[in-house]
Amino acid sequence: MIPAFRLRFPARPRLPLTEAGGPPGDPRAGRAGLPAIVAALLLAGLPLGFIAVEAVAGGLGLGLLGDGRVLQAGLNTLVTAVASTVVALVLGGGAALLAGLTDLPGRRGFAALALLPMLIPSQIAALAWGRAFDPAGPLARVLGMGGFGPNPLESAWGVWLVMGVEHMPIAFLAVIGAVTRIPAEPAEAARVAGAGPSAALAVAARPLVAPALAAAAALSLVSAAGNFGVPALLGIPGDYPVLSTLIYQRLSGFGPAALGEAAALAGLLGLGTLGLLRLQSLMAGRAARVADGGRLAPRLPLGRRRRQIAGPAWLLMIALSLLPLVALIAASLVPAPGVPLTPATASLDGYRAALDLRHGAGGAVITSAWLALVTALVSVAVALPLGLLAARGAPAARLAAGGFDLALALPGTVFAIGVILAFLPPLPGIGLTLYGTPAILLAAYLGRFPGLVLAPVRAAAERLDPAPEQAARLAGAGFPARIRVGAWPALAGPAAGGALLVLLTAFNELTLSALLWSRGAETVGVAIYARQAEGDSAGAAALSVVALAAALGLAGLAFRMIARLPGLESAFGDRP
């Protein structure tokens with residue numbers, strides 16, 4: 001076996017630090033980052049601290065394992081995480097191997113279909129799949145499979161399947177990144193030893209693909225453990241509880257009186273998630289590295305089997321990615337379940353209700369839009385100074401950044417319990433409580449989502465050349481001016497990408513909103529779930545289609561706006 005070599009490059013010099021987090025003699029840098037640090041400690045650290053104290057007081061939920069319902073939900077959570085991960089690895093890993101190692105026709109389109117589930121929120125994906133398999137749905141009738149009876153996806157295996165498809169892009173991205181870097185030398189050595197083309201490529205790919213699959217499996221396990229949308233829409237009707245839905249049911253059924261028990265359950269779920277996060281970091285650390293600049297192994301020609309392999313692969317990917325969306329649109333056009341979709345029965349009443357501000361659904365779109373926009377803007381404002389100071393090694397900034405990272409990594413249900421514990425009592429000196437108001441939703445979003453911007457900003461700041469900022473400082477420029485001249489051109493792209501991710505994630509968010517929403521502050525995710533639970537499947541489907549269109553429209557508008565920001569011309573404009 002040919003040994004792997006790791007290229008080592010000299011690290012960029014960092015600015016020397018004072019305890020405030022800035023260059024020597026420059027306390028303004030630390031003062032400029034102080035609001036971001038305080039925001040992180042209040043919005044992320046305070047809920048995490050409350051949930052930790054309450055969970056420890058409740059024995060991390062271990063005492064609840066004597067409750068049969070809790071024990072069953074815990075086992076279901078574990079089984080669901082493993083089963084959905086297997087589905088994700090088989091589908092996503094297989095698609096990546098096919099697109100990355102062979103001459104499959106239309107590889108770019110094939111990859112786009114494999115990544116499409118990443119853009120669809122969990123609850124909308126579950127609703128779409130439910131409509132696709134609904135015996136009384138319009139798609140089943142068009143295909144000649146209509147009838148009446150329970151939806152087969154409202155079961156354990158339905159949750160596994162839909163969650164596995166939802167996490168398929170995780171495996172695809174991990175494996176496609178590995179198989180596009182396979183060196184040619186091991187494959188050539190295997191051919192010399194007498195192996196065929198397929199076996200030789202497998203020998204060369206195994207050291208890269210195996211760690212990538214392991215890392216993808218760990219990340220999929222973490223995502224599945226905290227998933228709420230799929231178990232809520234498919235598991236609750238099928239009496240298949242998991243810990244995230246059990247917390248929701250206990251808290252929504254008994255209100256703040258069940259907060260102690262919900263916190264203990266959240267501690268149990270959080271403890272398991274932290275273990276999975278540790279596993280994820282170990283798996284990511286095992287990723288194989290190869291020397292850059294070497295020759296890459298050629299693609300494997302499918303030859304005479306090209307049609308036999310490409311045809312079923314494309315059909316499967318189209319069915320997994322597009323069939324649920326077609327079923328969702330069809331379900332939004334019929335007035336009631338069981339009515340066949342024909343030109344005579346097609347109705348836009350669901351869309352009228354979804355866009356009617358007086359009905360509540362249109363108001364939910366507006367509520368989600370302003371929450372998402374404010375969260376994205378504040379996340380950038382917090383992440384820029386915090387990422388810079390954390391990259392320079394400032395202890396307070398690194399602690400604050402760790403709080404945002406942990407708030408993002410833990411399941412949303414767990415963090416929502418922490419937000420309730422932190423902001424249910426009246427605020428000191430004001431006497432007002434945020435619970436039951438839109439402000440608690442904004443506080444939860446601002447505690448959980450800045451990590452999506454902070455991670456790329458901090459990574460870019462660690463590679464930042466300090467020379468321009470040092471020159472600006474010697475010229476007498478203040479800290480904001482130095483950031484604008486020395487750091488903004490390099491950090492604008494990562495910050496803008498993170499803001500887009502926050503915008504799309506927050507707009508269709510359900511997990512936090514399901515526990516924190518109040519009358520007059522209904523979000524899109526809550527509105528979709530409520531209408532589906534009430535039996536208004538057409539209204540839920542129509543609102544889901546509107547939400548997807550609105551999210552894409554928001555993303556397009558934000559993309560056009562941020563492309564005009566200083567320093568982003570090279571990132572978004574025409575390159576020479």
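Since the model is a prediction, treat every value here as computed from it, not as a measurement.
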Participant: Measure the OG1-CG distance between Thr367 and Leu441 for me, rounded to the nearest 0.5 Å.
Facilitator: 9.0 Å

Participant: Once you round to the nearest 0.5 Å, how far does CG of Leu234 lie from CD of Gln532?
Facilitator: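 Leu234 atom CG to Gln532 atom CD measures 9.0 Å (nearest 0.5 Å).
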
Participant: Can you list everything that forms a side-chain contact (heavy atoms from CB on, under 4.5 Å) with Thr80? Sequence neighbours excluded, please.
Facilitator: Val159, Trp160, Met163, Tyr240, Val242

Participant: Nearest heavy-atom pair of Ala232 and Pro237: which atoms, and what distance?
Facilitator: O-CD, 3.6 Å

Participant: Would you please name every residue forming a side-chain hydrogen bond (donor to acceptor under 3.5 Å, both in side chains) with Ser544, sequence neighbours left out?
Facilitator: none

Participant: Is there a side-chain contact (heavy atoms from CB on, under 4.5 Å) between Leu504 and Asn508? Walk through the geometry before answering.
Facilitator: CA-CA 7 Å; Leu504 292 174; Asn508 285 300; over 6 Å; no

Participant: Output a table of donor-acceptor pairs, distance under 3.5 Å, between side-chain atoms of residues 70-79 and any protein atom two or more places apart or on a different chain; print 'none' if there are none.
Facilitator:
unit_1	atom_1	unit_2	atom_2	d
Gln72	NE2	Asn76	OD1	2.9
Asn76	ND2	Gln72	O	3.3
Asn76	ND2	Pro241	O	2.9
Thr77	OG1	Ala73	O	2.8
Thr77	OG1	Leu243	N	3.0

Participant: State, to 0.1 Å, how close Leu515 and Ile420 come at their nearest heavy-atom pair, and which atoms those are.
Facilitator: O-CD1, 3.9 Å

Participant: What is the minimum heavy-atom distance between Arg458 and Ala401, and which atoms define it?
Facilitator: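 Arg458 and Ala401 have their closest heavy atoms at NH1-CB, 3.8 Å.
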
Participant: Roughly how far apart are Leu516 CG and Glu509 CD, rounded to 0.5 Å?
Facilitator: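 Going from CG on Leu516 over to CD on Glu509, the span is 8.5 Å.
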
Participant: Taking ring pair (Phe, Tyr, Trp, His ring centres under 6.0 Å) as the definition, give me every residue that meets it alongside Phe228, ordered by chain and number, with sequence neighbours left out.
Facilitator: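 With neighbours one apart ignored, the set is Tyr248.
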
Participant: Let me confirm one number: the CG-CG distance from Leu399 to Leu41, rounded to the nearest 0.5 Å.
Facilitator: 6.0 Å

Participant: Determine which pairs satisfy side-chain hydrogen bond (donor to acceptor under 3.5 Å, both in side chains) with at least one residue from residues 394-415, sequence neighbours left out, and list them in order.
Facilitator: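 Not a single pair qualifies under side-chain hydrogen bond (donor to acceptor under 3.5 Å, both in side chains).
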
Participant: For residues 371-389, run the donor-acceptor check on the side chains, cut-off 3.5 Å, and write out each pair with its distance to 0.1 Å, sequence neighbours left out.
Facilitator:
unit_1	atom_1	unit_2	atom_2	d
Thr375	OG1	Leu371	O	2.6
Ser379	OG	Thr375	O	2.6

Participant: Look up atom CG in Leu421 and atom CG in Leu48, then write down how far apart they are to the nearest 0.5 Å.
Facilitator: 11.5 Å

Participant: Does any non-hydrogen side-chain atom of Leu446 lie less than 4.5 Å from one of Phe404?
Facilitator: no

Participant: Could you tell me which residues satisfy ring pair (Phe, Tyr, Trp, His ring centres under 6.0 Å) with Phe172, sequence neighbours excluded, listed by chain and number?
Facilitator: none

Participant: Checking Glu166 now: which residues fulfil side-chain hydrogen bond (donor to acceptor under 3.5 Å, both in side chains) with it, not counting sequence neighbours?
Facilitator: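 In terms of side-chain hydrogen bond (donor to acceptor under 3.5 Å, both in side chains), with neighbours along the sequence ignored, Glu166 is linked to Ser122, Asn227.
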
Participant: Can you name the residues that form a side-chain contact (heavy atoms from CB on, under 4.5 Å) with Leu173, not counting sequence neighbours?
Facilitator: Leu115, Met118

Participant: Let's go through Phe415 and Arg448 carefully: what are the C-alpha distance in whole Å and the side-chain angles of both, what is the deciding distance for side-chain contact (heavy atoms from CB on, under 4.5 Å) to 0.1 Å, and is it a yes or a no?
Facilitator: CA-CA 8 Å; Phe415 188 72; Arg448 180 166 170 82; 4.0 Å; yes

Participant: List the residues meeting side-chain contact (heavy atoms from CB on, under 4.5 Å) with Thr505, not counting sequence neighbours, and say none if there are none.
Facilitator: Phe449, Leu452, Leu501

Participant: Check Ala397 against Ala390 and note the closest heavy-atom contact, atom names and distance.
Facilitator: CB-N, 3.6 Å

Participant: Side chains of Tyr445 and Ser513: donor-acceptor distance under 3.5 Å anywhere?
Facilitator: yes

Participant: Taking only residues two or more places apart in sequence or in another chain, which ones pass side-chain contact (heavy atoms from CB on, under 4.5 Å) with Phe423?
Facilitator: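 Testing Phe423 for side-chain contact (heavy atoms from CB on, under 4.5 Å), a comparison that skips the adjacent residues, returns Pro47, Val419, Leu427, Leu434, Ile440, Ala443.
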
Participant: What is the distance from atom CD1 of Ile528 to atom CG of Leu127, rounded to the nearest 0.5 Å?
Facilitator: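 Output value for this atom pair is 7.0 Å.
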
Participant: Identify the two heavy atoms, one from Ser220 and one from Ile170, that lie closest to each other, and give their separation to 0.1 Å.
Facilitator: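 Here Ser220 and Ile170 meet closest at CA-CD1, 4.4 Å.
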
Participant: Ala391 and Ala461: which non-hydrogen atoms are nearest, and at how many Å?
Facilitator: CB-CB, 3.6 Å

Participant: Checking Phe507 now: which residues fulfil ring pair (Phe, Tyr, Trp, His ring centres under 6.0 Å) with it, not counting sequence neighbours?
Facilitator: none

